[in-house]
Amino acid sequence: MSIFLSHHVQAIKLVVMRMHHNKLATFMISLVIGAALCLPSLFYIGVNNLSKLTNHMQNETEISLFVKLDANAKTLDSIAQILAKNEAIQEFHLVTKDQAWEKLKSQSDNNSETNGAINELTKNPLPDAFFIQAKSADPVALEALRVELQSISGVDQALLNAEWAKRLSTLLALSKKIIGLISLLLALALMVIIGNTVRMQILTQKDEIEVSNLMGATTSFIRVPFLYAGMLYGAFGGLLAILIIVSVLQIFNDSIAQISNRYSSDFSLSLFNGPLFLTIIAAAIFIGWLGSYLAVSRAITSFKLN
Amino acid sequence: MIKFDQVTKRYPGSDEVLKNVSLNIEAGEFVLVTGHSGAGKSTLLKLIAAIERPTSGTVLVANQNISKLKSSVIPYMRRRFGLVFQDHKLLYDRNCFQNVILPLHINGINGVDAARRVRAALDKVGLLHKEKAMPITLSGGEQQRLAIARAVVSRPSILIADEPTGNLDASYAADIMAIFNDFNQVGVTVITATHDVQGMAKLTNRILHLSNGELQSKSSTS
């Protein structure tokens, strides 16, 4: 056990020493890994934040039914009855023009711009409205229901609220698939990059491998330093990737804060994303290990002297 | 200790380098393998050191059949040997001390014990004062002595040297043969390939002469 441990300690020492001697080369390799890891991660963060943003805007199956302004209580009653009979409707509730008016006023109390405008209105401009939850979330069924509701007499307008949000979320789902694909391709590229780097290093240490082999070094003895090298390249690359991501987010956050201010929202990108960062580093280390493993195994096979 | 039984070796695309060689080397012997270049000396040594496998016949080292060893066992077999090559095969990216310590690391020996043994080996070949020097700064004879220190540091029972004096002038060559003789005195089996029989013969117990891959004679000089 102690032999095993000391062998690994020796290997790490050796690798760190070599990296120390070739700082620039080590940095360049790590940078390539870092930049490659950045792309899918930033894409992921973007899509993730967009879907967070749309999630609270989107009430999946809600249809708003605005009643004509001159409608009286009787019309409302008859519409309510028709809605109650409709099989496709899960539930609905009525917000009368007075309720809506009160709500709007209280909401605008702490907004000076709209407050002034609303106070100038002498008459309530809002219609009565039914808010309807459909049973189905299927866009086609929803659209059919909307058209049906539109045709009820006394109804001014039927609106599918979350139409654009829904389209966006479909796009986001697509983007997630694309991210998956890009990450996979970049992982392959990384493996090749790291594998190639390790292969170059193997060429410069060809003599050492050959001599060690002749002196009775086992395959794992020869392999271990290279595996650590690959893992360290991966780890450095992962750290660089995180550094780049945080910088990019910081730059974007200023503009995003300005935009969300305009929409009186406090939305911003969170700089620290623990699970993502851990995933990046773990993935980078794993890819580094795998790339080196493949490269060093290939090299050892070609050096095989038996 | 080492037994060849009708061993033939053929490399892909070449004639037989060794033909029907049978021999027996006892523990503690000092054997010279002689012959012209191309006679098969290096191949014979490589077969002993488990670097090559015979095309036919059997090679037994310490009662283990080299040709039937699994590749995973071969590294452990090789640790029985100390190898010295004509071209030294030193590692030029590290100093003398680090060159000599490599076999110990391979054997899992580290720390103070390893350092002590490295210094003992360097002392034996007269290079203790050069432990921090890089191999490239050493003379040809010193480099070969460094290679010998590396070969013996893990205390192998068999020392195999392929033309260790090939590139050296006579006095250096005599130094190196004297060192080999010292090891042989303490019980190490020494097998050396050389084309320079004259300079060596007086030190050896036995000469194996190869000619075109065939073993010619076994003569004893002492």
Side-chain angles (χ1 to χ4, degrees), chain A residues 1-26 197-198 200-229 293 296-306, chain B residues 45-54 59 61 66-85 87-94 98-114 135 146-147 150-154 156 158-160 162:
Chain A
M1 191 61 199
S2 74
I3 289 176
F4 177 80
L5 270 182
S6 74
H7 170 209
H8 281 254
V9 172
Q10 291 283 346
I12 293 172
K13 269 192 205 158
L14 188 75
V15 168
V16 170
M17 202 181 75
R18 268 180 202 150
M19 287 185 169
H20 186 73
H21 279 301
N22 303 301
K23 284 193 206 82
L24 187 65
T26 307
T197 310
V198 172
M200 303 269 272
Q201 208 177 33
I202 287 169
L203 284 181
T204 66
Q205 281 151 238
K206 184 171 169 274
D207 290 345
E208 183 184 340
I209 293 177
E210 191 194 347
V211 169
S212 305
N213 198 341
L214 286 172
M215 288 176 178
T218 54
T219 309
S220 87
F221 181 92
I222 296 171
R223 184 183 276 150
V224 161
F226 293 106
L227 294 186
Y228 276 118
Y293 188 91
V296 80
S297 298
R298 235 185 75 192
I300 288 174
T301 319
S302 71
F303 280 130
K304 260 265 152 41
L305 299 164
N306 309 314
Chain B
L45 297 188
K46 281 180 181 165
L47 285 168
I48 297 173
I51 297 171
E52 300 284 354
R53 290 177 199 264
V59 176
V61 175
I66 294 283
S67 40
K68 293 205 172 122
L69 282 183
K70 276 193 235 151
S71 356
S72 59
V73 188
I74 284 179
Y76 300 96
M77 175 53 109
R78 287 208 189 131
R79 292 181 197 177
R80 293 166 176 271
F81 307 108
L83 300 178
V84 179
F85 309 93
D87 58 352
H88 323 315
K89 290 199 194 295
L90 294 170
L91 300 175
Y92 292 96
D93 61 343
R94 55 195 76 193
Q98 288 164 332
N99 262 285
V100 177
I101 207 167
L102 181 65
L104 294 179
H105 284 166
I106 288 170
N107 279 283
I109 301 164
N110 294 294
V112 191
D113 190 29
L146 183 62
R150 186 181 63 181
V152 298
V153 73
S154 56
I158 304 169
L159 185 63
I160 297 173
D162 190 3

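By convention in this document, chain letters (A, B, ...) are assigned in the order of the sequence lines, proteins followed by strands, and residues within each chain are numbered from 1.
- The two residues B:His105 and B:Asn110 make their nearest non-hydrogen contact at CD2-OD1, 2.7 Å.
- Between A:Gln10 and A:Leu14, the closest side-chain pair of non-hydrogen atoms is not below 4.5 Å.
- Heavy atoms closer than 4.5 Å to chain A are found nowhere in B:Phe81, neither backbone nor side chain.
- For A:Glu208, the parts lying under 4.5 angstrom from a heavy atom of chain B are both the backbone and the side chain.
- If you run side chain to side chain contact (heavy atoms under 4.5 Å, CB included) between B:Ile160 and each of B:Ile51, B:Leu83, B:Val84, only B:Leu83 comes through.
- The part of B:Arg94 that comes within reach of chain A is its side chain, from C-beta onward, which places non-hydrogen atoms under 4.5 angstrom from that chain.
- Under the side chain to side chain contact (heavy atoms under 4.5 Å, CB included) rule, A:Met215 has a single partner from B:Pro103, B:Pro156, B:Ser154, which is B:Pro103.
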